[in-house]
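Protein chains get the first letters and strands the later ones, always in sequence-line order, with residue 1 at the start of each.
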Amino acid sequence: MSKVFIYPTNSLILSDLVERFGHNPLAIMSKIREKITTIGVDSPPLNITPKEPEMGLKYAAVEVPAGVRGRMALVGPLIDDAEAAIIVRDATIAFGCMGCARTNELTKFLVRKKDIPILEVEYPDSDEDGQEFVYRIADFLKSLPTGADTQ
Amino acid sequence: MTQDDQVIIALVSCGSEYAGIQPELEAAASRLNAKLVYPEMDVSILDTIGMEFGLEVASPDLKLMMARAKAVVDGVARVDGVFVGTCFRCAEAAIVRNEVRRYIFQNSGLPVISYSFTERTTAATLLTRLEALTTIAKRKHLLGRERQTGLTAGVDSGSTTTKAVVMRDNEIIGEGWVPTIKVIDSADKALQQALDQAGVQQDELQAIGTTGYGRFLIGEHYNAQLEQEEITVNSKGAVFLADCQKGHATVIDIGGMDNKAISVEDGIPGMFTMGGICAGASGRFLEMTSKRLGVEITELGDLAVKGMQDKVDMNSYCIVFGIQSLVNSLAKGSSPEDVAAAACHSVVEQIFEQQLQEIEVKEPLILVGGSSLIAGVPKAMGDMLNIDVLVPPHSQMIGAVGAALLVSGYVEE
């Protein structure tokens, strides 16, 4: 089983695809769940406190706005953990949406900088392209180590 | 200086020309016999550089920055150093600036500095940084010196205090430390203190080196053989005093008016940042805190070590509002120990947030400058970074020691 980072990081379709092929999707939903179920932190709605933008300094300079760094505090550790990644370019909002363009630029850059298998695909705009899109993702996921061949 | 000595600096920016500061950049460069050039590249690369570099940005001028950085790394543009500049407060540019700087430094080995400018950026602000860049680019041999020889003096004319040392055969034999009031008078007093302690006359000195804000003025006054900015000099002084001249080191210098964080390799600065003139993150803030607490600055550190910074609310890094927070805490019954600890923590936290993420922190971490003597500061730094912080002997004298060490190269010449 490989840890596969997905972009858009909240895409349910991508997350589901990764799981179907026996891998562990690294998606922002799990991080959000972790945040909102943390007992003792009271900073609704996401339980993000001024500490998160500080933690985001690992990924972006202090001059980068707090909102980008706060998001990076969630996304950054997922990238650190990633053993593979799928990036879908120019996806529609319904497929998955990251609200901040600056965070998106930095996220994709940090993923691309990692020495891991990466699949970058365009979001399809026809049924035919849609099928090809799923095949390519499936082939990529099949090529990743699963089960016994990973630690 | 001859044409051969000229340092060619690649200007990699997203539009310093539009920010009204181009003449300031040019003025600082020409004062150092440096020339700013735009790295040449094929215009067609602008269509693909985003994907190639990995950063798909909206601004074409940021794509131009990445393309120029690539031209430098690929050797298409032959330069000695690189200046990376973007507008202050542009988030996209801040992301690109950091990554471009790292990319050039890691892939070319060229010295790089980066700066986020406003329309008020002046040549004087840029000068120290560019001077360090040109020294690292063209005068590395100067920084290779590891032993002080002969009888030399170094004078560090800082914004708050003036320091002087006299060194003989690799030993400090005299030192002086006075507040900076009139630059030349203060330098004379500090040097005289050092000479008296060393038991030598000024005319016996074989060479004098100057550094700090007042380096040019006092350099002229003493007819100094070396007038050198404080980034390279302080790095050298710090690794000399900490006995870490080989391998990696990180030098953090908390000065009276600004801070420097320098990543050093074999005594030569690599990446470095120099904080702007923000008093809240400097020794000045600690001075004001000690005045408010009614203790000498030298007593503040011991007080801070006994306190708990968590017990004091500090909502601002600004020197005015920060002091206000401390005053409010005292009014609510906080102890002077807690307030002293909060002040030290605040200074260190700002350095951590604003400077340390821009350089690679590698142990040993050498903390120098007058503030390193305030025990609460190295403690707060060690707690925050979870590493041992090394404060070398004479840590407040690094500039003067570095200058005395480097200028001894001129004795043999």
Side-chain angles (χ1 to χ4, degrees), chain A residues 5 7-9 40 43 49-73 75-77 79-80 82 85-91 98-123, chain B residues 49-59 62-63 66 84-103 106-107 114-118 259 261 271 273 275-276 278 281 313-317 348-361 384-385:
Chain A
F5 179 85
Y7 180 89
T9 59
S43 181
T49 68
K51 271 284 159 213
E52 269 73 18
E54 254 179 55
M55 286 154 64
L57 284 168
K58 182 179 172 193
Y59 308 98
V62 72
E63 209 187 307
V64 175
V68 178
R69 287 185 280 116
R71 287 175 171 91
M72 288 313 297
V75 180
I79 301 173
D80 293 342
I86 300 170
I87 293 175
V88 177
R89 288 198 295 259
D90 301 323
M98 301 249 306
C100 171
R102 300 293 89 83
T103 308
N104 297 352
E105 288 163 7
L106 186 57
T107 297
K108 285 187 275 183
F109 174 73
L110 292 175
V111 171
R112 286 167 182 153
K113 225 169 60 161
K114 278 197 83 155
D115 189 19
I116 53 171
I118 299 171
L119 174 72
E120 290 208 35
V121 279
E122 285 292 331
Y123 185 73
Chain B
I49 189 69
M51 277 306 290
E52 203 177 314
F53 196 83
L55 256 172
E56 297 164 278
V57 291
S59 312
L62 290 175
K63 292 181 188 169
M66 293 188 268
V84 182
T86 59
C87 297
F88 181 58
R89 285 197 179 136
C90 173
E92 188 170 54
I95 292 170
V96 176
R97 190 184 71 238
N98 252 5
E99 299 306 338
V100 158
R101 186 190 54 175
R102 225 187 301 260
Y103 165 76
Q106 287 172 353
N107 294 290
S114 75
Y115 193 74
S116 55
F117 48 74
T118 71
N259 305 314
M271 299 265 247
T273 69
C278 176
D313 275 340
M314 287 264 323
N315 294 323
S316 174
Y317 286 149
V348 169
E349 194 172 54
Q350 284 187 77
I351 293 167
F352 172 71
E353 288 183 11
Q354 294 174 13
Q355 291 186 277
L356 287 189
Q357 87 284 4
E358 297 212 9
I359 63 160
E360 207 177 337
V361 177
M384 196 168 289
L385 297 174

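- In this structure, K113(A) and E99(B) approach most closely via the heavy-atom pair NZ-OE1, 3.5 Å.
- One distance of note links OH of Y59(A) with CD1 of I95(B); it measures 14.5 Å at 0.5 Å rounding.
- When all heavy atoms of F109(A) and F53(B) are compared, the pair lying nearest together is CE1-O, 3.3 Å.
- Not counting sequence neighbours, the partners of A91(A) by the side-chain contact (heavy atoms from CB on, under 4.5 Å) test are P8(A), V88(A), F95(A), Y123(A).
- A search for side-chain contact (heavy atoms from CB on, under 4.5 Å) contacts involving F88(B) returns E63(A), S116(B), T118(B), not counting sequence neighbours.
- In plain terms, the two heavy atoms of A91(B) and V64(A) that are nearest each other are O-CG2, 4.3 Å.
- Side-chain atoms of R112(A) come within 3.5 Å of backbone N or O of G54(B) as a donor-acceptor pair.
- At a 4.5 Å heavy-atom cutoff, the contact between R89(A) and chain B is made by side-chain atoms alone.
- Atom CD of residue E105(A) and atom CD of residue E56(B) lie 8.5 Å apart, to the nearest 0.5 angstrom.
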